[in-house]
J.: 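My questions will all concern the structure given below.
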Amino acid sequence: MTSQTPATITDRRRVLVAKPRGYCAGVDRAVEAVERALAQYGAPIYVRKQIVHNTFVVKTLEERGAIFVDQTEEVPEGAIVVFSAHGVSPAVHQEAAQRNLKTVDATCPLVTKVHNEAKRFAAQDYDILLIGHEGHEEVEGTAGEAPDHVRLVDGLEGVETVQVRDPSKVVWLSQTTLSVDETTETVTRLKNRFPGLIDPPSDDICYATSNRQTAVKEIAAQAELVIVVGSENSSNSKRLVEVALDYGADASYLVDDASFLDPAWLEGVTTVGVTSGASVPEILVEGVLAKLAEAGFGDVEEIESVKESMRFALPHELRKDLRPRA
């Protein structure tokens, strides 16, 4: 074996790619639901909000005939509408029924689980401390299941201001795409304020969010720079940037695709970490790796932290004909 000088070792440029990364089972299901609806019923198919928070995915589906709207009232009466992976409130289902819309509910089953927990604890008259980001579609959908019982806790700063009716009847739930570490700290502080606070039956942060954060921790410890592929409105992607910085990376940036890479970020860097949010197709990661290879970072190693095999069945509405009978 030829010996390497310390300079040769130091100058070696490499890329560590996190695994798992990219599409989770809920996103895969939601995107396929829109594709299947377009194939079965033809364009246009309406989608309330972005089906998942990724610019490329939304644009691709628009090119195939999907029309994205912000409100249910924008969908023509009697048309087919797909609800996004983030879930909707009962009020949205009611609006759709009033407009005689044919609905496909692509809500991630793990979000549905949180909705069901909110309904169950509200029925028992608990105050529900919902840890999440104000204005996020998932939070709005969950809160809509029990608006009189849900109290939003938006990060650590929300812990001291939240008010409850009875401190002995309080439970916490969370948005599924949060930072695992920050949520743990938020819950600890909430329990200091409300010693009677009870936990949900199972962790609300989804397996994919947790696994991608575990994976990025491993590569961040070895990389000066971590590139996270994902859109600005993707909560789980933004959390990956924060986790990378917390676990050793000198710098971390969120990019929609390879065109957002800044060559200046690579100056003085020998190891780049790459990962992607749960709503990001692999083609965008491949584009980033190609751009890095052009800059001399052609030595690529995939670091697998957790194995994933989760799959969800398509929405039941796509297993029956939504078209009105003649």
Side-chain angles (χ1 to χ4, degrees), residues 1-24 53-57 155-156 177-185 208-306 308:
M1 180 182 291
T2 306
S3 61
Q4 290 182 308
T5 65
T8 304
I9 296 171
T10 303
D11 291 344
R12 177 188 174 204
R13 292 181 172 184
R14 61 176 183 156
V15 180
L16 302 180
V17 185
K19 185 178 180 180
R21 64 182 177 275
Y23 270 15
C24 64
H53 286 161
N54 184 265
T55 304
F56 176 86
V57 172
L156 295 172
T177 55
L178 301 180
S179 160
V180 174
D181 293 341
E182 183 176 333
T183 302
T184 299
E185 185 176 353
T209 297
S210 178
N211 288 350
R212 279 148 190 71
Q213 289 177 21
T214 296
V216 83
K217 288 175 185 178
E218 187 165 342
I219 65 169
Q222 306 174 61
E224 301 103 307
L225 168 68
V226 172
I227 302 297
V228 178
V229 186
S231 294
E232 185 62 34
N233 63 338
S234 168
S235 176
N236 76 87
S237 298
K238 291 171 76 172
R239 301 294 81 74
L240 290 174
V241 172
E242 295 168 0
V243 171
L245 293 171
D246 288 343
Y247 280 80
D250 296 327
S252 183
Y253 300 99
L254 182 68
V255 300
D256 254 308
D257 55 48
S259 68
F260 287 76
L261 287 175
D262 186 340
W265 297 346
L266 302 175
E267 293 178 6
V269 171
T270 58
T271 301
V272 178
V274 174
T275 189
S276 57
S279 53
V280 177
E282 184 64 11
I283 189 173
L284 298 182
V285 175
E286 293 170 356
V288 167
L289 294 178
K291 192 86 170 209
L292 288 172
E294 291 174 6
F297 290 83
D299 184 355
V300 178
E301 180 184 357
E302 189 172 62
I303 306 294
E304 183 170 16
S305 302
V306 185
E308 284 186 355

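Every value quoted in this text rests on a predicted model; they were computed, and no experiment measured them.
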J.: Check whether any side-chain N or O of Arg13 sits under 3.5 Å from a backbone N or O of Ala295 as a donor-acceptor pair, and report yes or no.
T.: yes
J.: Heavy atoms, side chains only, cut-off 4.5 Å: are His53 and Glu232 in contact?
T.: no
J.: Between Phe297 and Val274, is any pair of side-chain heavy atoms under 4.5 Å apart?
T.: no
J.: Nearest 0.5 Å please: distance from the CD atom of Glu301 over to the NZ atom of Lys19.
T.: 13.0 Å
J.: Checking Leu245 now: which residues fulfil side chain to side chain contact (heavy atoms under 4.5 Å, CB included) with it, not counting sequence neighbours?
T.: Val241, Ser252
J.: Between Asn54 and Phe56, which heavy-atom pair has the shortest distance, and what is it?
T.: OD1-N, 3.1 Å
J.: Name all residues meeting the ring-ring contact (aromatic ring centres under 6.0 Å, His included) criterion together with Tyr253; count only those two or more places apart in sequence or in a different chain, and write none if there are none.
T.: Trp265
J.: Determine whether Ser235 and Arg239 make a side-chain contact, defined as any pair of heavy atoms from C-beta on separated by less than 4.5 Å.
T.: yes
J.: Do the side chains of Arg14 and Val300 get nearer than 4.5 Å, heavy atoms only?
T.: no
J.: Where the side chain of Asn211 meets the backbone of Val306, is there a donor-acceptor pair that is under 3.5 Å apart?
T.: no
J.: OG1 of Thr270 to CG of Asp299: how many Å apart, nearest 0.5 Å?
T.: 11.0 Å
J.: Would you check if there is a donor-acceptor pair between the side chains of Asp257 and Ser259 at a distance under 3.5 Å?
T.: yes
J.: Nearest 0.5 angstrom please: Thr177 OG1 to Arg212 CZ, how far?
T.: 12.5 Å
J.: Run the salt-bridge test on Glu294 and Lys291 with the 4.0 Å N-O cut-off and return the result as yes or no.
T.: no
J.: State whether the side chain of Glu308 and the backbone N or O of Pro20 hold a donor-acceptor pair below 3.5 Å, judged by distance alone.
T.: no
J.: Does Ser231 reach the main-chain N or O of Thr55 with its side chain, forming a donor-acceptor pair under 3.5 Å?
T.: yes
J.: Between atom CG of Leu240 and atom OG1 of Thr209, what is the distance when rounded to the nearest 0.5 Å?
T.: 8.0 Å
J.: With heavy-atom distances below 4.5 Å as the criterion, would you say the side chains of Asp181 and Asp246 are in contact?
T.: no
J.: Give a yes or no answer on whether the side chain of Ser276 reaches the backbone of Val229 with a donor-acceptor pair at less than 3.5 Å.
T.: no
J.: Specify the closest pair of heavy atoms between Pro281 and Tyr23, including all atoms of both residues, with the distance to one decimal.
T.: N-CE1, 3.6 Å
J.: Any chance you could measure Glu242, atom CD, to Gln213, atom CD, to the nearest 0.5 Å?
T.: 9.0 Å
J.: Using every non-hydrogen atom in the two residues, find where Ser237 and Gly277 come nearest and quote the distance to one decimal.
T.: OG-CA, 3.3 Å
J.: Does the side chain of Glu282 come within less than 4.5 Å of Val285's, by heavy atoms?
T.: yes
J.: Are the side chains of Ile219 and Ser305 in contact, using a 4.5 Å heavy-atom criterion?
T.: no
J.: Residues two or more places apart in sequence or in another chain: which of them pass side chain to side chain contact (heavy atoms under 4.5 Å, CB included) with Ala220?
T.: Val226, Ala244, Tyr247, Ala249
J.: Within this structure, what is the OG1-CG distance for the pair Thr275 and Leu16, rounded to the nearest 0.5 Å?
T.: 11.5 Å
J.: Donor-acceptor pair, Glu218 side chain versus Thr214 backbone, under 3.5 Å?
T.: no
J.: Within a strict 4.5 Å, meaning less than it, do heavy atoms of the Leu225 and Leu266 side chains meet?
T.: yes
